[in-house]
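Small disclaimer: the values here were computed from a predicted structure and weren't measured.
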Amino acid sequence: MIDSVLSVSKDAINTCLTVEESNLFVQDGYLSESGVIEHIAQSAAAMAGYGTYACGHEPRLGYIGEIKKCRFFSLPQVGQTVCTELNVLGEAAGVTLLSAVSRTEGMEVAECQMKIFLEQQPL
Amino acid sequence: MTKQELIEKVNSVLAEEFEKEVEELTPDANIKQTLELDSLSLVDMVALIEEEFGVKIASSELVKIQTFQALYDYLEEHMA
């Protein structure tokens with residue numbers, strides 16, 4: 001659910017996804033809320049994966065622990081590109097709290113907070 | 001910010017976020033027990049502290065901060 005990674009660091013990532021008609025999460029010509037969340041979740045996974053890869057470690061299994069403060073303002077249409085900016089808000093006891101803002105053509109379509117948990121042992 | 005002002009701000013911010021009475025947050029009280037934090041909500045506290053006081057609590061330091069007094073002292077020591 002990510003076409004491209006525009007920028008990535010240990011604490012932030014920017015990704016994009018162009019919505020295709022064939023996308024599993026498209027309904028009536030729009031990417032559904034579940035699809036936007038899955039796009040955000042996979043952006044978080046990409047950032048976590050980059051973090052372990054940059055340290056020379058093997059990828060680790062990750063889980064979404066919680067999604068909260070989720071708001072949708074509109075939904076991306078087929079053919080549009082949704083871009084998401086993720087930032088780390090905090091880390092504690094292996095759990096990372098992220099904030100996500102997704103935009104289409106510069107207009108905010110969704111925002112949420114997400115907690116991810118990475119297994120200590122590599123895959 | 002004086003130490004007393006710091007204590008009052010910490011208590012009010014945490015009490016509001018975790019829906020507790022300020023009176024419950026006594027210096028010797030255990031933070032996790034008082035705020036009923038699990039591994040998922042612990043990171044909310046860390047993020048809130050960083051947002052409100054500009055102090056990042058590293059995971060290695062977090063294990064040493066068991067009571068509110070330890071939190072006050074840590075913040076006092078690390079605030080610019």
Side-chain angles (χ1 to χ4, degrees), chain A residues 8-14 37-38 40-41 43-52 54-57 60-71 84-102 108 110-122, chain B residues 1 6-7 9-20 24-25 27 29-80:
Chain A
V8 58
S9 69
K10 190 170 66 68
D11 296 322
I13 193 168
N14 281 274
I37 287 179
E38 185 60 26
I40 291 170
S43 301
M47 184 176 73
Y50 169 81
T52 51
C55 301
H57 298 153
R60 288 186 278 161
L61 190 59
Y63 303 88
I64 296 174
E66 182 180 81
I67 297 173
K68 65 177 189 176
K69 297 182 180 176
C70 213
R71 299 199 306 166
T84 291
E85 176 185 350
L86 263 168
N87 288 284
V88 171
L89 293 179
E91 285 174 273
V95 177
T96 303
L97 173 64
L98 305 165
S99 73
V101 175
S102 294
E108 190 169 330
E111 62 183 26
C112 74
Q113 286 188 356
M114 186 175 287
K115 289 174 190 170
I116 62 173
F117 171 78
L118 289 182
E119 286 222 352
Q120 293 314 303
Q121 294 309 319
Chain B
M1 183 186 298
L6 170 66
I7 291 171
K9 183 173 181 182
V10 169
N11 288 353
S12 68
V13 161
L14 293 179
E16 182 184 339
E17 173 73 14
F18 296 100
E19 298 174 353
K20 297 297 175 184
E24 295 177 66
L25 281 58
N30 181 282
I31 295 175
K32 282 188 184 173
Q33 287 167 17
T34 306
L35 302 182
E36 296 177 277
L37 300 179
D38 58 21
S39 59
L40 280 180
S41 48
L42 180 61
V43 70
D44 290 320
M45 187 196 81
V46 170
L48 185 64
I49 291 293
E50 184 171 342
E51 181 185 344
E52 291 287 339
F53 300 93
V55 174
K56 194 179 184 72
I57 305 177
S59 287
S60 54
E61 295 291 322
L62 191 57
V63 292
K64 304 170 193 169
I65 303 174
Q66 298 291 318
T67 64
F68 289 99
Q69 187 61 57
L71 179 59
Y72 307 145
D73 295 342
Y74 183 89
L75 289 177
E76 185 182 38
E77 185 185 331
H78 289 81
M79 283 177 72

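Taking each heavy atom of Ala93(A) and Ser59(B) in turn, the nearest pair found is N-OG, 4.0 Å. Closest heavy-atom contact between Ala92(A) and Val46(B): CB-CG2, 3.7 Å. Closest non-hydrogen pair, Val95(A) versus Ser39(B), comes out as CG2-O, 3.6 Å.
The CD atom of Glu50(B) lies 9.5 Å from the CD atom of Glu91(A); values are rounded to the nearest 0.5 Å. A distance of 6.0 Å separates OG of Ser41(B) from NZ of Lys115(A), quoted to the nearest 0.5 Å.
For Glu24(B), the CD atom sits in a packed shell: over 12 heavy atoms of surrounding residues, nucleotides or ligands are nearer than 6.0 Å. Within a 6.0 Å sphere centred on NZ of Lys32(B), other residues, nucleotides and ligands contribute 12 heavy atoms or fewer.
When side chains are defined from C-beta on, Asp44(B) counts as touching Lys68(A), because their heavy atoms get closer than 4.5 Å.
With a 4.5 angstrom heavy-atom cutoff, Leu40(B) touches chain A via backbone and side-chain atoms both.
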